[in-house]
Novice: 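One structure follows; several queries about it will come next.
Chain naming here is simple, since letters A, B, ... match the order of the sequence lines and numbering starts at 1 in each. Predicted model only: the values in this text are computed from it and were never measured.
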Amino acid sequence: MPELPEVEVTRRSFADAIQGATIAHLWMGKPLRWPLGCAPSVVAGRVITNVTRRGKYLLLHLNPGLLMVHLGMSGSLAFSPAGAARTALGTHDHFELHTSAGVLRLTDPRRFGAIVYADGLSDARAVKLLGHLGVEPLDDGFEVDDFVAAMRMRRAPIKQVLLAGDVVVGVGNIYASEALFLAGIRPTRAANRVAPARLRRLHAVIKQVLQQAVDLGGSTLKDFKNAQGEHGLFQTQSRVYDRAGEPCYVCQSPIKRMVQGQRATYYCASCQK
DNA sequence: AAAAGCCCCTGGATGC
DNA sequence: TGCATCCAGGGGCTTT
């Protein structure tokens, strides 16, 4: 589910509401991808000072401490303001953070998601999850010359390099296919065999497509909703993702589907070289 | 160092 | 209707 746009849309949908709140109680249901890393009672009484995002991780900054939230493939968060009615816990609800401002709940059927506590960003547990991440594509630090240089060092298929997240973060399976289409690059092409001019174009369209997706509230393929329960609209704008056999909007040839690294890739064989 | 596979898990869609 | 198979927004870990 959640790539950078969905995670960012989720963040914006509850960050202001929960900022400044005091944690009353943390509840964990079935095990997620990793253990929380502390006793749930450890965070009780702490204040949530801010909610930020790094790649596809949401970071709840506590005073003191840090809760790293990852939505995996099927996770979503829901925020219920204090006093508002909320549904009973369901089979797939595996985390709740009760605060003075309301309750933040994680629903994650597949349980690839995670909630991990660290003492701070320099804590080993945070470094392990965040330390290797590449640059943020929507920040000023996403510099075109650095991007081109980094891609020129990699021999793997360019789509896999995008997904790996160590050059640039947040580009997942949907937006990798979309960006490569917009840049006219075949997903299987070795990154170091892509002409610099096309890499520069790729740099531009990564920013463009991610920003567009954020503006549209993300992609809702099956079940994505932000923390206010609203779904996204980007999927209606996708040029290639999930369009196998349908005509390319540019040249009318049928969009192709293939598998790279156990993930589906969509592309136009005519527009992408 | 980098690349390629392997899993973790559940549910929905599809096919026989 | 029932059962088997395939597929799904991720990514750390292990092996080459």
Side-chain angles (χ1 to χ4, degrees), chain A residues 1-11 29-35 37 53-58 68-77 90-95 106-116 124-134 150-179 187-193 209-210 212-214 216-226 231-238 240-245 257-266:
Chain A
M1 160 239 259
E3 304 182 34
L4 182 150
E6 291 74 33
V7 178
E8 177 61 19
V9 164
T10 297
R11 187 191 71 79
K30 281 189 180 178
L32 296 170
R33 178 164 188 176
W34 298 298
R53 178 188 54 75
R54 181 73 178 95
K56 298 171 189 168
Y57 287 89
L58 278 175
M68 297 178 281
V69 178
H70 199 291
L71 301 177
M73 288 279 263
S74 59
S76 60
L77 290 171
T91 328
H92 303 305
D93 298 333
H94 303 302
F95 163 83
L106 173 74
T107 305
D108 185 4
R110 293 178 73 181
R111 290 189 282 124
F112 289 173
I115 311 283
V116 177
R125 204 176 284 117
V127 171
K128 188 163 119 184
L129 296 183
L130 310 176
H132 61 94
L133 296 180
M151 297 306 271
R152 299 288 292 177
M153 311 256 308
R154 305 289 288 270
R155 277 174 288 184
I158 191 161
K159 190 207 176 204
Q160 318 248 116
V161 178
L162 289 178
L163 288 184
D166 48 359
V167 174
V168 57
V169 293
V171 183
N173 209 38
I174 297 177
Y175 302 110
S177 280
E178 293 297 303
T188 46
R189 180 169 286 268
N192 65 341
R193 304 284 299 276
V209 75
L210 293 177
Q212 184 197 11
V214 170
L216 288 171
S219 291
T220 299
L221 294 191
K222 286 185 65 172
D223 49 14
F224 172 71
K225 289 186 170 77
N226 69 28
H231 58 74
L233 291 172
F234 181 89
Q235 70 282 0
T236 66
Q237 302 295 308
S238 95
V240 291
Y241 186 83
D242 206 21
R243 295 196 63 241
R257 178 190 187 277
M258 64 169 298
V259 174
Q260 287 181 285
Q262 292 98 252
R263 316 294 297 278
T265 296
Y266 299 87

Novice: Give DNA chain B the dot-bracket treatment, 5' to 3': Watson-Crick (N1-N3 with N6-O4 or O6-N4) or G-U (N1-O2, O6-N3) under 3.5 Å, [ ] crossing, | other strand.
Specialist: .|||||||.|||||||

Novice: Judged by atom type as modelled, is there a donor-acceptor pair below 3.5 Å linking the side chain of Ser74(A) to the main-chain atoms of Arg110(A)?
Specialist: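 Yes, because the side chain of Ser74(A) sits within donor-acceptor range (under 3.5 Å) of the backbone of Arg110(A).
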
Novice: What is the distance, rounded to the nearest whole Å, between atom CG of Asn173(A) and atom P of dC7(C)?
Specialist: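 Checked: the CG to P distance equals 13 Å.
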
Novice: Okay, side chain of Glu6(A), backbone of Glu3(A): is any donor-acceptor separation there less than 3.5 Å?
Specialist: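 Confirmed, Glu6(A) side chain pairs with Glu3(A) backbone.
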
Novice: Give the rounded distance in Å between these two atoms: CD1 of Ile174(A) and C1' of dG10(C).
Specialist: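 Taking atom C1' of dG10(C) as the reference, CD1 of Ile174(A) is at 12 Å.
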
Novice: Of the listed nucleotides (dT10(B), dA8(C), dG12(C)), which one gets closest to any side-chain atom of Arg257(A)?
Specialist: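 In terms of side-chain proximity for Arg257(A), the closest of dT10(B), dA8(C), dG12(C) is dA8(C).
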
Novice: Keeping the roles fixed (side chain from Ser177(A), backbone from Tyr241(A)), state whether a donor-acceptor pair exists under 3.5 Å.
Specialist: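 Side chain of Ser177(A) to backbone of Tyr241(A): no pair is present.
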
Novice: Using a cut-off of 4.0 Å on non-hydrogen atoms, how would the nucleic acid contact of His132(A) be classed: base, sugar-phosphate, or nothing?
Specialist: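 Here His132(A) touches the backbone only, sparing every base.
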
Novice: Taking side-chain contact (heavy atoms from CB on, under 4.5 Å) as the definition, give me every residue that meets it alongside Leu129(A), ordered by chain and number, with sequence neighbours left out.
Specialist: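 So Leu129(A) forms a side-chain contact (heavy atoms from CB on, under 4.5 Å) with Trp34(A), Tyr57(A), Met68(A), Val116(A).
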
Novice: Can you measure Leu162(A) atom CG to dG10(C) atom C1' for me and round it to whole angstrom units?
Specialist: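 Distance check: Leu162(A) CG to dG10(C) C1' gives 15 Å.
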
Novice: Produce a footprint string for nucleotides 3-8 of chain B: one letter per nucleotide, 5' end first; B if the base is under 4.0 Å from any protein heavy atom, S if only the sugar-phosphate is, - if neither.
Specialist: SSSB-B

Novice: Donor-acceptor pairs under 3.5 Å, side chain of residues 164-172 of chain A to any protein atom, not counting sequence neighbours: which ones?
Specialist:
residue   : atom : partner   : partner atom : Å
Asp166(A) : OD1  : Arg154(A) : NH1          : 3.4
Asp166(A) : OD2  : Arg154(A) : NH1          : 3.4

Novice: Using a 6.0 Å cut-off, check whether atom CZ of Arg193(A) has over 12 heavy atoms from anything other than its own residue.
Specialist: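 Open: at most 12 neighbouring heavy atoms sit under 6.0 Å from CZ of Arg193(A).
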
Novice: Leu130(A) CG to dG11(C) C1': how many Å, rounded?
Specialist: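 Going from CG in Leu130(A) over to C1' in dG11(C) covers 13 Å.
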
Novice: Once side-chain contact (heavy atoms from CB on, under 4.5 Å) is applied, do any residues pair with Arg53(A), and if so which ones, sequence neighbours excluded?
Specialist: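 For Arg53(A) the side-chain contact (heavy atoms from CB on, under 4.5 Å) partners, ignoring immediate neighbours, are Leu4(A), Val7(A), Glu8(A), Arg11(A), Leu58(A), Glu136(A).
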
Novice: Within this structure, what is the CG-to-P distance between Asp108(A) and dG10(C), rounded to whole angstrom?
Specialist: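 My rounded result for the distance is 13 Å.
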
Novice: Would you say Tyr175(A) reaches dG10(C)'s phosphate, i.e. side-chain N/O to OP1/OP2 under 4.0 Å?
Specialist: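 For dG10(C), neither OP1 nor OP2 has a side-chain N or O of Tyr175(A) closer than 4.0 Å.
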
Novice: Under 4.0 Å, heavy atoms only, any strand: does Tyr57(A) hit a base, just the sugar-phosphate, or nothing?
Specialist: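 Here Tyr57(A) touches the backbone only, sparing every base.
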
Novice: Contact class for Ala164(A) vs. all strands (heavy atom < 4.0 Å): base, sugar-phosphate, or nothing?
Specialist: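 Result for Ala164(A) = nothing.
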
Novice: Considering only residues two or more places apart or on different chains, which pairs with a residue in residues 155-164 of chain A satisfy salt bridge (charged side-chain N to carboxylate O under 4.0 Å, His left out)?
Specialist: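 The answer is none; no pair qualifies.
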
Novice: By nearest atom, which of the nucleotides dC7(C), dG11(C), dG12(C) is closest to the His70(A) side chain?
Specialist: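 Among the listed nucleotides, the one closest to the side chain of His70(A) is dG11(C).
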
Novice: Side chain of Gln260(A), backbone of Pro157(A): donor and acceptor closer than 3.5 Å?
Specialist: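 Absent.
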
Novice: Just to confirm, is there a sub-4.0 Å distance from OP1 or OP2 of dG12(C) to any side-chain nitrogen or oxygen of Lys128(A)?
Specialist: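 The answer is no; no side-chain N or O of Lys128(A) sits under 4.0 Å from OP1 or OP2.
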
Novice: Output the rounded distance in Å from CG (Leu129(A)) to C1' (dC13(C)).
Specialist: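 From Leu129(A) CG to dC13(C) C1': 13 Å.
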
